[in-house]
Amino acid sequence: MTNHLLKHFVMKYHQLIKSIIALALLGAGSTIFTGCEGPPDMGNSSAALADDVASQVYVPPGEYDEFYAFMSGGFSGQVSVYGLPSGRMLKVIPVFSLDAEKGYGFNEETKPLLETSHGFIPWDDAHHPELSQTDGETDGRWLFINGNNTPRIARIDLTTFETAEIIEIPNSGGNHSSPFTTENTEYVVAGTRFGVPYPQQDVSIDSYAEKFKGTLSFISVDPEEGHMDVAFQVLLPAFNYDLAHSGKGKSHGWTFFTTYNTEEKSTLLEVNASQNDKDFIAAINWKKAEEYIKQGKYREMPAKYAHNIYNEKTHTATSEMKDKVKVLIPEECPGLVYFLPTPKSPHGVDVDPSGEYIVGNGKLSADMAVHSFTKIQEAIANESFETTIDGVPVLKYEEILAGIVEKPGLGPLHTEFDGKGNAYTTYFISSEIVKWDIETQQVLDRIPTYYSVGHLMIPGGDSRKPDGKYMVALNKITKDRYLPTGPELNHSAQLYDISGDKMKLLLDFPTIGEPHYAQAIAADKVMPNSKKFYPIEENEHPYRTVREKDARVEREGKDVHIYMTSIRSHFAPDNIEGIKVGDRVYFHLTNLEQDWDVPHGLAVLGAQNAELLVMPGQTETLVWEPKAEGVYPFYCTDFCSALHQEMQGYLRVSPANSQVALDWRLGYDEPVQ
Ligand code: K7E
Ligand code: CUA
């Protein structure tokens, strides 16, 4: 956007604010263009790209990228992995949604990962990937991500790049302010976006202000195994808890959650939740919470939630239903929670690498408030409280303010840091990123995004040690950036060089779903630990077949278990007879390969299911219930050798009352049995 247009926006700010409230975050893309004389000068974006830009993002064939970037899939429910600076897509990791490509959620082993208290849920809306940290630095062990719709947090193991665990969050509705980690991954957090009746019950929606509540959950993470548990919840008024970040350095021990709808309305929120001049950042002293838990000052409340863990030895997930949770009530726990007044419907809350500055991205505010952790501590010590809400002291705004960034842009959403004293904030409505000095709050630079940027990401940009070389803008609107693909366009990411004084656009690349947020990490923190295959001698799957000569078929009533192996380029057995209509057939396929990148697939004609894609050394199970007699081919779906097309077999299905004996073989001369 040109400076002229920007000035125009700022001047018209007060006129615009009404329409912003009405339109903000709704008609996004069009809002940019309707309030002014025409579209911004887009020609500049490519003209401004100098020749050296190409070499900055060029990773020659066969060479590796410098960073792994993990992008949330938004409504795809997955995580996608990109290399930076090339923007090459490396993998899609299935998390909350079924993925037919990998059989995830279709095979028997991964189905339990998608169990919840509402039953099997094959989809979610994933917003915020978050890397595990040690001492405030990303450590490359795990990636967490929230499921927004049916509140959940998933943990991805970065040795396998697979979902290892999913825990459901009870007493919650819309797990949006999640899963932001603490400095040593003591906790990942989960704040409810929607107020919900507490406990859940059949009540009038008009009873919102009295019967509805908002919970903020702290999910402990086992430092060795990574296993998650709901350590405690804090029970608060039914505000909408939007985003969070934990303190670091001097503010380690605290976590900050933004709120909107402090009006506690349940209808027409675009107007009703935009009344208060200031909403709050809820500051939770979780070290204090740990003391209260130790002292037994919690209430144990009934709560139903699923905890699902994938076991890498058995290659199988299990799901357990939990039934209670520890709840802390602010009235009973002084010093646990404070509200920091923050203008106006803040979206992101971001803590700078030192832990001193807490940035409230007030999306409907002209200026942006930056709080000081030191001043917050002083205000608490002096009891400088404006008032108290449900036992939570509200600190005095003026006393906790480090400063404000004056009229930087329109619609601030999120801020990240480069570790060199600079902050970078996205402006959704004015479609730009503004760089400013954390200590002086002076604006230093601004650059347009194409278009309507949401989150931004700097590798390590929310940790104590950002790697301030690149920045990625995650844009909501793609419009004219790529060849048109009909009404739906992939979201667009943009890569910027932030190593100098001026931000510089390097690259556009399309993404999958809606990557609200992303995280990135130096490749050498992850690459050395990447698993190449599963050692067959460690396979503890109950239906494994570790030698081809053990391949067999066993009938247990109407259940038929096929203990099958695959190795280039055949299945054992490859001819099976004696299956009957009405049987339930389990293909337990063990891939005997012990080499990197040699998966085999398995697909069966008429199976109402996805394929299996079995990694070397792994066992996976496809269930098939044949509906009609006949002879059904099956084959390998992954081109695994020159004789991949020969990797096939047949399964004969006879009528339910037939006398055809169970029989299986591989080759005419060398029967398996
Ligand atoms: Cu899209 Cu973090 Cu869900 Cu902001 S959120 S943009
Ligand atoms: Cu095995 Cu193709």
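Read the numbers this way: they start at 1 and go in the same order the structure lists the ligands and their atoms.
- Every atom of ligand 1 is numbered from 1 in the order shown, and the set under 4.0 Å from a heavy atom of Lys476 is 1 (Cu), 6 (S).
- The minimum distance between atom 3 (Cu) of ligand 1 and any N, O or S atom of His176 involves atom NE2.
- Of all atoms in ligand 1, numbered sequentially from 1 with element shown, those under 4.0 Å from a heavy atom of His128 are 2 (Cu), 3 (Cu), 5 (S).
- Under 3.5 Å, the side chains of Trp436 and Thr425 contain a donor-acceptor pair of N or O atoms.
- Side-chain atoms of Thr259 and Asp242 include no donor-acceptor pair closer than 3.5 Å.
- A heavy-atom separation below 4.0 Å is not found between Glu514 and ligand 1.
- In this model, a donor atom of one side chain and an acceptor atom of the other lie less than 3.5 Å apart for His347 and His414.
- Only side-chain heavy atoms of Leu243 come within less than 4.0 Å of ligand 1; its backbone N, CA, C and O stay farther off.
- Looking at Asp638, its N, O or S atom nearest to atom 2 (Cu) of ligand 2 turns out to be O.
- The neighbour count for Tyr635 OH, taken as heavy atoms of other residues, nucleotides or ligands under 6.0 Å away, does not exceed 12.
- Distance from atom 1 (Cu) of ligand 1 to its nearest protein heavy atom, with residue and atom name: His516 ND1, 2.1 Å.
- For an aromatic pair to be called close, the ring centres must be under 6.0 Å apart, and His127 with His455 fails this.
- Residue contact check: Gly454 has heavy atoms under 4.0 Å from atoms 6 (S) of ligand 1.
- Atom 2 (Cu) of ligand 2 has an N, O or S atom of His644 under 2.8 Å away, backbone or side chain.
- Crowding of Tyr482 atom OH: a count of heavy atoms from other residues, nucleotides or ligands under 6.0 Å exceeding 12.
- With a 6.0 Å cutoff to the six-membered ring centre and a 45° limit on the axis angle, Lys344 does not count as a cation-pi contact of Tyr260.
- Of the options His455, His347, His127, the smallest heavy-atom separation from atom 2 (Cu) of ligand 1 is shown by His455.
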